[in-house]
Colleague: 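This is the structure I have questions about; it appears just below.
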Amino acid sequence: MERTNTGVPNEKMLMWAFIGSECMLFASLIATYLTYRGRSLVGPYPEDLLNIPFITVTTFVLLMSSLTMVLALSAVQRGDARGSRVFLLLTAVLGIIFVGGQAIEFSHFAGEGLGLSRNLFSSTFFLTTGFHGAHVTVGVIWLLSLWVLTMRGRLGPESSVKVEVAGLYWHFVDVVWIVLFTVIYLMSGS
Amino acid sequence: MATIEAAVPDQGRGASTYAGGVWSWITTVDHKRIGILYFVSGLVFFLVGGVEAMLMRLQLAAPGNTLLDPATYNQLFTMHGLTMILLAVMPIGAGFFNYLVPLQIGARDVAFPRLNALSYWLFLFGALLLNSSFLFGGAPQAGWFAYANLTSSQYSPGHGMDFYILGLALAGTGSIVAALNFIVTILNLRAPGLSLMRVPLFTWMTLVVSFQIILAFPPFTIAIVFLLFDRMFGTLFFEPLGGGDPILWQHLFWIFGHPEVYIVVLPAFGIISEVIPTFSRKPLFGYPVVVYSGVLIGFLGFGVWAHHMFSVGLGPLANSVFAGLTMLIAIPTGVKIFHWIATMWGGAIRFRTAMLFAVGLIVMFTIGGLTGVMHASPPADLQQTDTYFVVAHLHYVLFGGTMLGLFSGMYYWFPKVTGRFLDERLGKAHFWLTFIGINLTFFPMHFAGLHGMPRRTYTYPAGLGFEGYNLTSTVGAGITLLAVLVFLYNLVRSLRSGERAGASPWGGATLEWSTSSPPPVHNFDWTPQVRSRDPLWHDGVELPAAEEEIHMPNPSYWPVVVAAGALTLAAGALIGLPVVLLGVAVMVGGIYGWAFEPIHG
Amino acid sequence: MAERTEGYSRVPVQRPTLWITALSLVVLTAACGGDFPQSSLRPQSDVARSIDDLFRGIFWLAVGVFVVVEGALLVAIVRFRERPGAERPKPVHGNTALEVAWTIVPAVILIFIGVPTMLTLWKIDRPPQGEVLRVEVVGHQWWWELNYPDLGVTTANELHVPVGHTVDLRLRSEDVVHSFWVPRLAGKRDLVPGRENQLWFTVDSAGVYPGQCAEFCGIAHALMGVRVIAEEPDVFERWAELQSRDAVEEPGEEALVAAGRSIFFGAGGCISCHTIRGTPAAGVLGPDLTHVGSRSTIGAGVLRNTLVNMARWVKDPQEVKHGNLMLDMGLSDEHARDVAAYLGSLK
Amino acid sequence: MTSEKALGIESGGVVAAHAHEEPHASNRTYVVIALVLGVLTALEVMVFYVEALAPVLVPILILLSGTKFALVVAFYMHLKFDGNVLRGLFLGPLFIAVAIIVALIALYGYLL
Ligand code: HEA
Ligand code: HEA
Ligand code: CUA
Ligand SMILES: [Cu+2]
């Protein structure tokens, strides 16, 4: 392991700096969503379509994937091969469920006549949640790749920083959803 | 323990050499070679942007001139602005970061050498994609800030704007990747003893700029993605008929665009903060203050964007707030200027070419900064915005600030990079021609603007009093062209037969002067131990007792593969889905190849 | 050390400031020669004058800063050149008093810039009181539609206003962002699709004040001129009265005019885009032509309004104003002359 | 321990990457946090459905989701236990990001 001035591994610092950058990416999306709220000229409007109970469930799933993610990391750090495998896979699966939920939601909206270019709500909604969904998808692929490594026994405690970095990414994506869930879904009425 | 005097020639003695050939450049992950690649590409694009400028100046030499038709002219100023800022000045700056930062902090390379190569290729491919628009139906013609909704598919049919979006998306991603890399490098890889408050100013400014890049580019990325969707999939982000607001583009653009102007100027400030002490033979006056003012400028830069939008009608309250914040920036910037002068004060100044350019920067940037403050006053700016007064301001800060700083750096570090001096006589000719040329070009623009000449007009009528100013500008541009030719000649000649330079030709204080010129592949034979801010001036470096084992990363072709995948993906957006999928496949394959490549042989 | 000091050339350093002074002198002399009908430095309205006063204040403060900074630099350059045999200069790492001073002094100067700025900003942003003349300005690629809702007048590209009377402009855009700018009367204000902006001023004296679109709006942006024609109130009133009338056929008109009219309403195809009130022509893509003969320019200022020029315009608008949105209707030379005669008769 | 990190920066001293085995939270803490997150989410949704809370909905939601945000960042992302560098690396950009959101919605007239 290289020595560093700060004691923080390079990969980890890279990820945190990247997360800083991502803050601005999502801030731009959220700011756009908020400034365009209530400016759609034609329906359907958010309150007509958003299915809060359904999204609450997928939100919960994503939150729990953060738990399995830390558990996976802690397993890897302890050298617990079985735990690593199980929790990495579980995290990825929860992520897939979340993305699946989003796919269902999107196709439902499309069925209700809310295409991408229908109104400002659809434009901002699909791009904001779509950007997030794309992040989750990348995360799932990443986790599955790590899972394959554990299956081959190539992910011991010495390379735990790989999992740690993936975890940081994953949690950040989760944190973004915490904000989006509140801003897009729960504040839709006000 | 040995003092530095003895230590200098020691460094880089067993210089290992590079493999030759084009392939070795394509697969290189060495920060010095990547720096050279950035530098040369940036220089080429500077010439491209300069030729575009010359064509515009010829067209504007006389009222009612018909040398260029409006569509061509509009493409030229759009591409000139984009090329100069994003494809010339930024990459030349990046060339300096890459080459110098590891040397200045006593490291063997950046934290992520392959990522560094990736940044370069993304930049290059983005730049080429953007410029290829000239061949495929015409370049974008909406100005470098491309205000919506002129850029919609209705008002900008054709693919010009698509090239803008895709080319800048690639190049912008490259910039973010590079900046992330430099943040980690500077925070993590400093030599022992080189605390942040001892880091050379140039490296400091690189750090500030890197933060600005990672924070400023994402809003722009989002804006161009919105635009892409508007144009390709009919979303309504900037479509007034659907309730969208074109002004949102202006916000997102300038949230990026204003920090961007400091992104291009701070490296130049960093450069002359190295040059002035060396040639005054005195340490930088008030180092911590110069550092903090740079940080403050970087930070404040995010809170002033609407000063580009005073004529939009945001209301007096918003205008007041942004005007106030903008004016505040004059304070830290002024502090820098005063500290440079104070560094010279009481020194023993040698006017080598590098120093001439540094002093030129102070002179010119002060003028540009002061016109900036005039812009910052909203009522006054209502008469200035979108006129040649702005064009004058932006060239005083960009050419008079950034370019002069970069030239200064070129003369200063050329011996380090090549082992040879740039010719001083030609250098002085280059400086004076440039100085006269740009003043003659850009000073009259102040008057043209105040007397009512709008920018971005391919022609102007006789009788409004603009003729004399424009002719003068064109003559000035011709002199600048001469200056650039002298510079190019100097580069070529000095590369071949310039006078040989030793490790420390100017007696500089920072670590890069402690290794041979050019430095060996591994930069330093031993990792320096730093004990002061000017390590080479006050016996601030210690030699370690034992030799270290040196590992340098292997060359890798994965970065260029991933970048090529990204290019294919972007081009696919114009060609069709199969190409997009191909691009994704290449990228994903490249990333896996990358991940499983052993780094050390 | 490999330091190279011999052969260090001693080309005398000229003083950069000298160049700048010389240069400014040249340019300034050039500046005094001209007439500058579109200059922001020759204000002719209340608003423009406030801005000009503010600008001049800031300008002189900036000149002061410039002189101090460049003066200090010059002294440093001259006094502290390296002299042969001199010792290495004393390292100075800072001077707190100085550093505080040159932080505070600029801050104070900024107050002297900022306070008048805010005063002017809020002053010119206060909506006009009392009676105003309302005009709706609609930006089009690349011409200006002007409506006087209270007077029933619609015209294009030439804004008639009464001297000494506040005009209140409401600015909208039909297509892309434009910016209304008549330097001698007011600062710019953008015309943004989907928004309405406001701009007002009171003109000092009668005259013609040229202006121009100041936001890049596409291919013919350079040729999107506007003229403000300020007249004494009685002259303005007469103008408005005439303009509010429909176009009428004068008895005893020339044959050319009659021929032109029939082309205009027939084969020319002009009515698909243009309106002439009082006739079946009701197109809205181009400027209202009801009184086009009374305007002094054609095509947002590209040509003076003469019969010859009018014929040139209708024959080949694209040659006159590259890229504008009026189609070439394929008129022959004769037909163009006839149409021009007809349009010229629409006073 | 934090000050040692800070010192690492100040002195440019070299700290080996693994020299800092933090006393990070245990798996039990993680589970507890998850429970809290779940409860807060349930609360949020509940608040959404309670008519009476409509006037203060937005502040309550901001508070609740802000707490969730902070919990994940502090514990799952370990920021609570990491040094000043990482904290700065995240909180600096976060500050600018939030400021820009607030500024934009203010510019669009949703605040004043
Ligand atoms: C290198 C790039 C660079 C830099 C450093 C700056 C620096 C500044 N700029 Fe500039 N600017 C541009 C590049 C840059 N600008 C570009 C490219 C545009 C046009 C974009 C486009 O439209 O295409 C632009 C446009 C622009 C505008 C919009 C104009 C318009 O379109 O209406 C404004 C408005 O406030 C502005 C202000 C400033 C200010 C206040 C500074 C300050 O940072 C300057 C501070 C420096 C000084 C003031 C001088 C030194 C200080 C002292 C000696 C202390 C004493 C001084 C005082 C007390 C005043 N700039
Ligand atoms: C760093 C940035 C930078 C630099 C260096 C320059 C350099 C120059 N600029 Fe630039 N300019 C901008 C950034 C820059 N510009 C920006 C951002 C805009 C706004 C764009 C917009 O409105 O969207 C602008 C706009 C702009 C305009 C206004 C256009 C308009 O509004 O209509 C003009 C007009 O004169 C102009 C002129 C020049 C000139 C004459 C130079 C010269 O100083 C250039 C000197 C260089 C050369 C003369 C090169 C010499 C070339 C050779 C020697 C080639 C040799 C050939 C081979 C080897 C093959 N520029
Ligand atoms: Cu209308 Cu420019
Ligand atoms: Cu700016």
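Per chain, numbering begins at 1; letters A, B, ... match sequence-line order.
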Colleague: Hey, does D:Y49 have a side-chain heavy atom less than 4.5 Å from the side chain of A:I52?
Modeller: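 In contact.
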Colleague: Sort A:T56 into side chain, backbone, both or neither according to what part of it lies under 4.5 angstrom from a heavy atom of chain D.
Modeller: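 Looking at A:T56, just its side chain touches chain D.
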Colleague: What's the separation between atom OG1 in A:T32 and atom OH in D:Y108, rounded to the nearest 0.5 Å?
Modeller: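 If we round to the nearest 0.5 Å, A:T32:OG1 and D:Y108:OH are 8.5 Å apart.
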Colleague: Quick check for you: to the nearest 0.5 Å, what is the distance between A:R37 atom CZ and D:I105 atom CD1?
Modeller: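 Rounded to the nearest 0.5 Å, the CZ-CD1 separation comes to 8.5 Å.
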Colleague: With heavy-atom distances below 4.5 Å as the criterion, would you say the side chains of D:L89 and A:M15 are in contact?
Modeller: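 The answer is no; the side chains never approach within 4.5 Å.
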Colleague: Parallel, tilted or perpendicular for D:Y76 and A:H171, by the 30°/60° rule?
Modeller: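 Rings of D:Y76 and A:H171: tilted, 30 to 60°.
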Colleague: Against chain A, work out which of D:A103, D:A97, D:G66 has the most heavy-atom pairs shorter than 4.5 Å and name it.
Modeller: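 Highest number of heavy-atom pairs under 4.5 Å: D:A97.
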Colleague: What distance separates D:L86 CG from A:W16 CH2, expressed to the nearest 0.5 Å?
Modeller: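 Going from CG on D:L86 over to CH2 on A:W16, the span is 7.0 Å.
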Colleague: Tell me, for A:I19 versus chain D, whether the close heavy atoms (under 4.5 Å) come from the side chain, the backbone, both or neither.
Modeller: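 Contact with chain D is through the side chain of A:I19 alone.
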Colleague: Can you confirm whether more than 12 heavy atoms, excluding those of A:F106, are under 6.0 Å from its CZ atom?
Modeller: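 Yes, the 6.0 Å shell around CZ holds more than 12 heavy atoms from other groups.
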Colleague: In Å, rounded to the nearest 0.5 Å, how long is the span from OG1 of A:T59 to CG of D:L37?
Modeller: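 Between A:T59 OG1 and D:L37 CG, I get 12.0 Å after rounding to 0.5 Å.
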Colleague: Could you walk me through whether A:M187 and D:L57 pass side-chain contact (heavy atoms from CB on, under 4.5 Å), step by step?
Modeller: CA-CA 8 Å; A:M187 291 185 186; D:L57 179 66; 5.7 Å; no
Colleague: So which of D:V72, D:L104, D:L61 has the largest heavy-atom pair count under 4.5 angstrom toward chain A?
Modeller: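 That would be D:L61.
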Colleague: To the nearest 0.5 angstrom, please state how far the SG atom of A:C23 sits from the CD1 atom of D:I96.
Modeller: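 Reported to 0.5 Å precision, the distance equals 10.5 Å.
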Colleague: With chain D, which of A:S21, A:A31, A:S28 has the greatest number of heavy-atom pairs at distances under 4.5 Å?
Modeller: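 If we count pairs closer than 4.5 Å to chain D, A:A31 comes out on top.
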Colleague: Which distance, rounded to the nearest 0.5 Å, do you find between the CD of D:E44 and the OH of A:Y185?
Modeller: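 If I round to the nearest 0.5 Å, the distance is 13.5 Å.
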Colleague: Before giving the answer on side-chain contact (heavy atoms from CB on, under 4.5 Å), spell out for A:V70 and D:H78 the whole-Å C-alpha distance, their side-chain angles and the decisive distance to 0.1 Å.
Modeller: CA-CA 10 Å; A:V70 272; D:H78 223 237; over 6 Å; no
Colleague: Heavy-atom pairs under 4.5 Å with chain A: which of D:L71, D:I62, D:V47, D:L79 has the most?
Modeller: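 Top option by heavy-atom pairs under 4.5 Å: D:L79.
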Colleague: Assess whether atom CZ of A:R78 is packed by more than 12 heavy atoms of other residues, nucleotides or ligands within 6.0 Å.
Modeller: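 For A:R78, atom CZ is crowded (more than 12 foreign heavy atoms under 6.0 Å).
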Colleague: Using heavy-atom distances under 4.5 Å, tell me whether A:V179 contacts chain D through its side chain, its backbone, both, or neither.
Modeller: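 The answer is the side chain of A:V179.
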Colleague: Any idea which heavy atoms bring D:I101 and A:A27 closest together, and the distance?
Modeller: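 Closest pair (atom of D:I101, atom of A:A27, distance): CG1-O, 3.7 Å.
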Colleague: Heavy-atom distance under 4.5 Å to chain D: side chain of A:M13, backbone, both or neither?
Modeller: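 Backbone plus side chain of A:M13, per the 4.5 Å heavy-atom cut-off to chain D.
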Colleague: I need the residue from D:S65, D:P93, D:G92 with the largest number of non-hydrogen atom pairs under 4.5 Å to chain A.
Modeller: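 Of the candidates given, the most pairs with chain A belong to D:S65.
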Colleague: Mind listing the closest non-hydrogen atom pair of D:Y30 and A:L71 along with its distance?
Modeller: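 So the two residues come closest at CD1-CD2, 4.2 Å.
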Colleague: With a 4.5 angstrom heavy-atom cut-off, which part of A:I30 approaches chain D: side chain, backbone, both or neither?
Modeller: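 Side chain of A:I30 only, per the 4.5 Å heavy-atom cut-off to chain D.
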Colleague: Passes side-chain contact (heavy atoms from CB on, under 4.5 Å), D:V45 versus A:F181? Steps please.
Modeller: CA-CA 10 Å; D:V45 177; A:F181 173 64; 3.9 Å; yes
Colleague: Quick one: does D:K68's side chain get under 4.5 Å of A:V175's, heavy atoms only?
Modeller: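 Side-chain contact under 4.5 Å: no.
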